[in-house]
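Just dropping this structure here.
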2 protein chains.
Amino acid sequence: MVRPGGRSAQVQASVHAAVHELASEFGRDALTVPLVAQRAGVTPSTIYRRWGDLQELLSDVAVERLRPETAPGDYGTLHSDLTAWVEQFLDEMSSPAGRAYIRDALLGNPDGSNAGQCSAYAAEQINVILTRATERGEKAPGVETIIDHVVAPLMYRILFRPAGLDAPYARRLVGSILGPAGP
Amino acid sequence: MVRPGGRSAQVQASVHAAVHELASEFGRDALTVPLVAQRAGVTPSTIYRRWGDLQELLSDVAVERLRPETAPGDYGTLHSDLTAWVEQFLDEMSSPAGRAYIRDALLGNPDGSNAGQCSAYAAEQINVILTRATERGEKAPGVETIIDHVVAPLMYRILFRPAGLDAPYARRLVGSILGPAGP
DNA sequence: ATCATAGACGCAATGATTTTGCTTTAAGAT
DNA sequence: ATCTTAAAGCAAAATCATTGCGTCTATGAT
């Protein structure tokens with residue numbers, strides 16, 4: 001039974017806020033359940049009961065933090081829209097903070113859909129871009145193609161090979177799917 | 001100062017073994033340092049001193065577990081070699097145990113090269129396949145291309161979208177890079 | 001072959017976190 | 001207004017993490 005705005009919601013909000021504050025104050029690795037609980041004005045047992053453990057909580061917070069806040073910009077062509085989006089994606093995700101959030105998101109319970117949610121966010125953004133391109137009359141590949149051959153390589157490198165990852169690389173990926181930049 | 005075969009090596013071996021055993025007995029999430037220590041016949045402080053914490057230890061074990069034990073098979077053509085390797089890769093990595101190991105490997109210390117090591121293993125295997133193809137006179141793409149457009153999409157789906165991941169999908173990825181299976 | 005030494009381990013005490021039974025609170029339904 | 005019930009608080013108990021100190025072991029030099 002969901003009770004939006006009720007006490008539960010307030011607790012969740014203050015706990016999430018506490019995680020943010022403490023993470024930026026003392027660093028993500030200094031977080032502990034009792035610490036977060038104190039800052040949030042809650043008892044530790046509340047957190048343990050609702051989230052199970054710190055990892056679940058962090059995973060939860062990470063997903064919220066990874067949700068895009070704005071629709072992809074419109075730059076007139078599919079190629080430029082996608083390039084811009086990919087560059088921003090890379091920027092946000094490859095920072096130390098971004099990588100930490102991604103790793104946290106991956107840590108949630110077995111098939112708790114936290115990680116899936118992240119992927120869904122990206123798919124949604126890409127879908128907006130592709131739909132817009134189609135409406136303009138441009139020929140556009142499928143969302144899956146972009147995910148497989150642009151997003152996935154970026155994410156792979158972010159997670160497994162933090163070095164050798166820059167904007168030119170990202171643009172090259174876009175080019176390899178859409179062909180070289182149009183006129 | 002490395003002392004292979006010494007007490008240290010034995011401790012490491014029995015601790016690793018204990019992790020394996022307990023993980024398959026009680027599940028990875030039931031592991032605790034004291035539990036592992038007891039099974040390994042060691043005191044918890046030994047583990048804390050050597051590995052720091054449970055995550056480091058699990059990350060360590062995961063990398064060892066993810067190391068390929070055998071060179072990629074030779075099936076006569078690049079296409080079949082790569083397809084076979086990819087199918088095996090998918091098999092091993094997409095199982096619940098495989099995914100758990102990957103996640104653990106990602107968890108090691110900040111940029112402790114554990115995750116990088118995994119990526120290096122894959123690159124090495126692929127390199128063997130591509131070199132063999134080149135020696136046969138086949139035209140072969142670079143290692144990076146295979147990583148970006150075959151390994152990365154697989155890994156992305158393993159981590160973020162466990163559903164909709166099967167051998168045909170993997171073969172399609174290979175086909176999209178090498179072209180349809182040749183004679 | 002023996003010795004000196006650095007590194008690693010065991011033990012045990014201490015401090016922090018996690019878990020659990022019971023009680024209390026407040027949101028939503030009657 | 002009262003009732004029902006999910007969720008939170010409280011506090012004790014259990015478990016886990018951390019650390020100082022002494023001991024042991026394998027190594028390299030004598």
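Please read these numbers as outputs of a predicted model, since none were measured by experiment. Throughout, a chain's letter reflects where its sequence line sits, starting with A, and its residues are numbered from 1.
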Taking only residues two or more places apart in sequence or in another chain, which ones pass side-chain contact (heavy atoms from CB on, under 4.5 Å) with A/Ser45?
-> A/Thr43
For A/Val128, the hydrophobic cluster (side chain heavy atoms closer than 4.5 Å, chained through members) also holds none
B/Tyr48 OH to D/dC16 P: how many Å, rounded?
-> 8 Å
Other than A/Val63, which residues form its hydrophobic cluster under the rule that side-chain heavy atoms must be closer than 4.5 Å?
-> A/Tyr121
What residues form a side-chain contact (heavy atoms from CB on, under 4.5 Å) with B/Asp60, not counting sequence neighbours?
-> B/His16, B/Trp51
Whole angstrom is fine here: how far is it from CG in A/Asp53 over to P in D/dA17?
-> 13 Å
Salt bridge (charged side-chain N to carboxylate O under 4.0 Å, His left out) contacts touching residues 78-91 of chain B (sequence neighbours left out) = B/Asp81-B/Arg132, B/Asp81-B/Arg136, B/Glu87-B/Arg171
Measure the distance from CD on A/Gln12 to P on D/dA6 and round it to the nearest whole Å.
-> 19 Å
Length of the line joining A/Leu31:CG and C/dT17:P, which is rounded to integer Å = 11 Å
Side-chain donor/acceptor of A/Ser45 to base of D/dC10, under 3.5 Å = yes
Between A/Arg49 and A/Pro44, who's closer to the 5' end of DNA chain C by nearest nucleotide?
-> A/Pro44
Would you indicate, yes or no, if D/dA8 has its OP1 or OP2 atom less than 4.0 angstrom from a side-chain nitrogen or oxygen of A/Arg50?
-> yes
Could you state the atom-to-atom distance from CD of A/Gln10 to P of D/dG9 in whole Å?
-> 11 Å
Output for pair (A/Thr83 OG1, A/Tyr75 OH), nearest 0.5 Å, gives 11.0 Å
Rounded distance in Å - CD1 (A/Ile47) to P (C/dT19) | 13 Å
Of the residues in residues 32-43 of chain A, which ones touch DNA chain C at a heavy-atom distance under 4.0 Å?
-> A/Thr32, A/Val33, A/Pro34
